[in-house]
Amino acid sequence: MTEMRTTIQATPADLARDYLQQPFPSPYPAFAFTLRIPKDWLWFEKEGNPTEPNGQLQKLAAYGDRTDQSLIEVLALRLEREIAPEDWLEQWVMINQYQVLGHRSIPSTAGRNADVLAKKMIAGRPVLFRLRTFKNGKFLYLLHCFSDEAHYPQVEEAFLVAAASFQLTQVQAQQPYAEPMQELPLNKVFQLGFKAPTSWIAQPDNSAGPDSQSWNLANGDGTPVGFLNVLTSTGASTAEMAAAPVIANLRNIGADLREVPLKPVDAGLPGIHLSVAERETSLNGTPAHLRQTVIRTAKGWAVFTLLSPAPTPDPYLIGPINRRAFDIAYGSFLAGLVPH
């Protein structure tokens with residue numbers, strides 16, 4: 001199997017000699033970009049490039065070698081909901097029947113990106129793909145690079161250089177979110193708050209005790225397709241005790257949660273202790289996924305819990321949208337705890 005190389009071997013002198021920084025202008029600002037391609041490659045899709053989003057994954061441009069064996073495609077998708085590109089790509093490769101050979105997760109304030117090596121049979125021959133995601137605000141970008149398997153080692157460097165040099169040229173600086181955010185207070189214990197997409201309906205949970213504060217958030221009105229709870233409290237002696245009221249409430253609405261073992265993880269931050277749980281479960285007989293993070297500080301406890309449907313495949317991206325909301329809520333609160 002081909003190894004998944006992640007670093008460029010070319011020196012700056014090699015790049016200046018062998019590559020061209022190729023701008024792609026567009027009348028639609030979000031579709032304008034630049035990237036490096038080998039000087040002897042051809043530029044395709046020069047005519048008919050899209051002038052506005054159409055709600056689908058759109059090809060902006062393509063660059064190919066002269067052997068007609070290798071291609072770099074740049075595609076874009078306007079998002080309606082906030083999502084991590086890595087989670088989007090996971091579903092996309094599944095639906096399009098790629099075989100994933102290697103995967104690298106790349107942190108980003110706009111949501112985790114992905115670098116993926118995959119394989120697929122095309123017209124009876126094996127083809128290797130290098131897939132790299134980017135995101136800015138409402139737009140997700142995909143570098144979709146591929147070559148015949150036997151020829152792939154000769155062009156992998158060009159694929160890596162294209163990904164490393166890809167830049168948008170006519171849009172604002174990095175915009176982290178595709179959706180507007182709401183700020184919800186957690187002022188009984190921490191005098192802090194957390195962010196959540198405005199598409200999530202937030203309601204205070206008045207059943208929380210006098211020394212606790214709790215928010216329930218539902219993804220969508222009518223029939224919610226995701227539940228997020230954020231609880232702060234004092235007085236618990238263990239992470240399991242801090243999380244117990246949330247687990248009990250989820251059981252009451254039909255979640256199969258007999259045991260939710262929490263595992264301590266290193267927060268890498270002084271005075272902050274984390275415990276996490278992630279498991280498959282069911283909600284009223286339907287497959288579901290649970291994620292939970294418990295934070296302990298000298299002031300008290302904060303418990304972030306997500307219960308999400310878990311269809312496979314997931315063409316409506318319910319799971320990825322729900323996981324991104326969890327990451328935003330937890331991440332924004334944790335950022336508030338860190339001294340500036």
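Along the sequence shown, the residues carry numbers beginning at 1. It should be emphasised that the depicted structure is a prediction, and the values quoted were computed from it without experimental measurement.
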> Run the side chain to side chain contact (heavy atoms under 4.5 Å, CB included) check on L307 and T281 step by step: do they pass?
Replying inline: CA-CA 9 Å; L307 186 64; T281 181; 3.9 Å; yes

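- Note: the hydrophobic cluster containing L217 does not contain L283 (ILVMFWY, side chain heavy atoms under 4.5 Å, direct or indirect links).
- If you check the side chains of N322 and H289, you find no donor sitting under 3.5 Å from an acceptor.
- In this structure, a donor-acceptor pair under 3.5 Å is present between the side chains of R81 and S199.
- Judged by distance alone, with hydrogens and angles left aside, the side-chain atoms of R130 form no donor-acceptor pair with the main-chain N or O of L160 at under 3.5 Å.
- Taking the six-membered ring where the residue is Trp, the centroids of F190 and F333 are separated by under 6.0 Å.
- Around CD of Q191, the count of heavy atoms belonging to other residues, nucleotides or ligands within 6.0 Å exceeds 12.
- Residues S212 and S233 have side chains that never bring a donor and an acceptor to within less than 3.5 angstrom of each other.
- Side-chain contact between P38 and V161: absent, with no pair of heavy atoms (C-beta onward) separated by less than 4.5 Å.
- Using a distance-only test at 3.5 Å, with no hydrogens or angles considered, a donor-acceptor pair links the side chain of T133 to the main chain of A114.
- A heavy-atom distance below 4.5 Å is not found between the side chains of F146 and I122.
- There is no path of hydrophobic side-chain contacts, each under 4.5 Å, that joins L228 to Y177.
- Residues N229 and T305 have side chains that never bring a donor and an acceptor to within less than 3.5 angstrom of each other.
- Between the side chain of Q292 and the backbone N or O of A277, no donor-acceptor pair lies under 3.5 Å.
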> Step by step, would you call N216 with N249 a side chain to side chain contact (heavy atoms under 4.5 Å, CB included)?
Replying inline: CA-CA 11 Å; N216 289 322; N249 286 340; over 6 Å; no

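- Heavy-atom neighbours of R258 CZ from other residues, nucleotides or ligands within 6.0 Å: at or below the threshold of 12.
- Nearest heavy atom pair, residue F31 against residue S26, reads CB-OG, 3.4 Å.
- With hydrophobic clusters built from ILVMFWY side chains whose heavy atoms lie under 4.5 angstrom apart, V74 shares a cluster with F159.
- Side-chain atoms of V127 and R125, non-hydrogen and from C-beta on, do get closer than 4.5 Å to each other.
- By the 4.5 Å heavy-atom criterion applied to side chains, Y316 and P311 are not counted as neighbours.
- The structure places CZ of R104 at 5.0 Å from OG1 of T6, a figure rounded to the nearest 0.5 Å.
- F166 pairs with exactly one of F24, F33, Y63 by the ring-ring contact (aromatic ring centres under 6.0 Å, His included) rule, that one being F33.
- A 4.5 Å side-chain heavy-atom check between V230 and L184 finds every atom pair outside the cut-off.
- Considering CZ of F304 and CG of L274, their distance stands at 10.5 Å, rounded to 0.5 Å.
- At a threshold of 4.5 Å between non-hydrogen side-chain atoms, the residues I8 and E157 count as touching.
- For the pair L128/L101, a side-chain contact is recorded, criterion being any heavy-atom separation below 4.5 Å from C-beta on.
- At least one donor-acceptor pair closer than 3.5 Å links the side chain of Q58 to the backbone N or O of E52.
- Looking only at atom types and distance, the side chain of H103 has no donor-acceptor partner in the side chain of E90 under 3.5 Å away.
- In terms of heavy-atom proximity, V93 sits nearest to V100 at CG2-CG2, 4.0 Å.
- Within a 6.0 Å sphere centred on NZ of K39, other residues, nucleotides and ligands contribute more than 12 heavy atoms.
- Nearest heavy-atom pair, P50 versus L60, reported as atom, atom and distance to 0.1 Å: CG-CD2, 3.7 Å.
- In summary, E82 and K135 engage in a salt bridge, as defined by a charged side-chain N under 4.0 Å from a carboxylate O.
- In terms of heavy atoms, D314 sits closest to G319 at OD2-N, 2.8 Å.
- Considering OG of S105 and CG of L89, their distance stands at 11.0 Å, rounded to 0.5 Å.
- Taking 4.5 Å as the limit, every side-chain heavy atom of P320 sits out of range of all side-chain heavy atoms of W88.
- Under the 4.5 Å side-chain heavy-atom criterion for Ile, Leu, Val, Met, Phe, Trp and Tyr, L143 and I37 are members of the same hydrophobic cluster.
- Annotation for R132 and D115: closest pair CD-CB, 3.9 Å, computed over non-hydrogen atoms.
- Atom OG1 in T293 sits 10.0 Å away from atom CG in L306 (nearest 0.5 Å).
- Heavy atoms only, all atoms of each residue included: L131 and H144 are closest at CD2-CD2, 3.2 Å.
- The backbone N or O of Q69 lies less than 3.5 Å from a partner atom in the side chain of D65, making a donor-acceptor pair.
- Taking CD from Q167 and CD from Q21, the interatomic distance works out to 7.0 Å, rounded to the nearest 0.5 Å.
- Atom CD1 in I295 sits 12.0 Å away from atom NE2 in H273 (nearest 0.5 Å).
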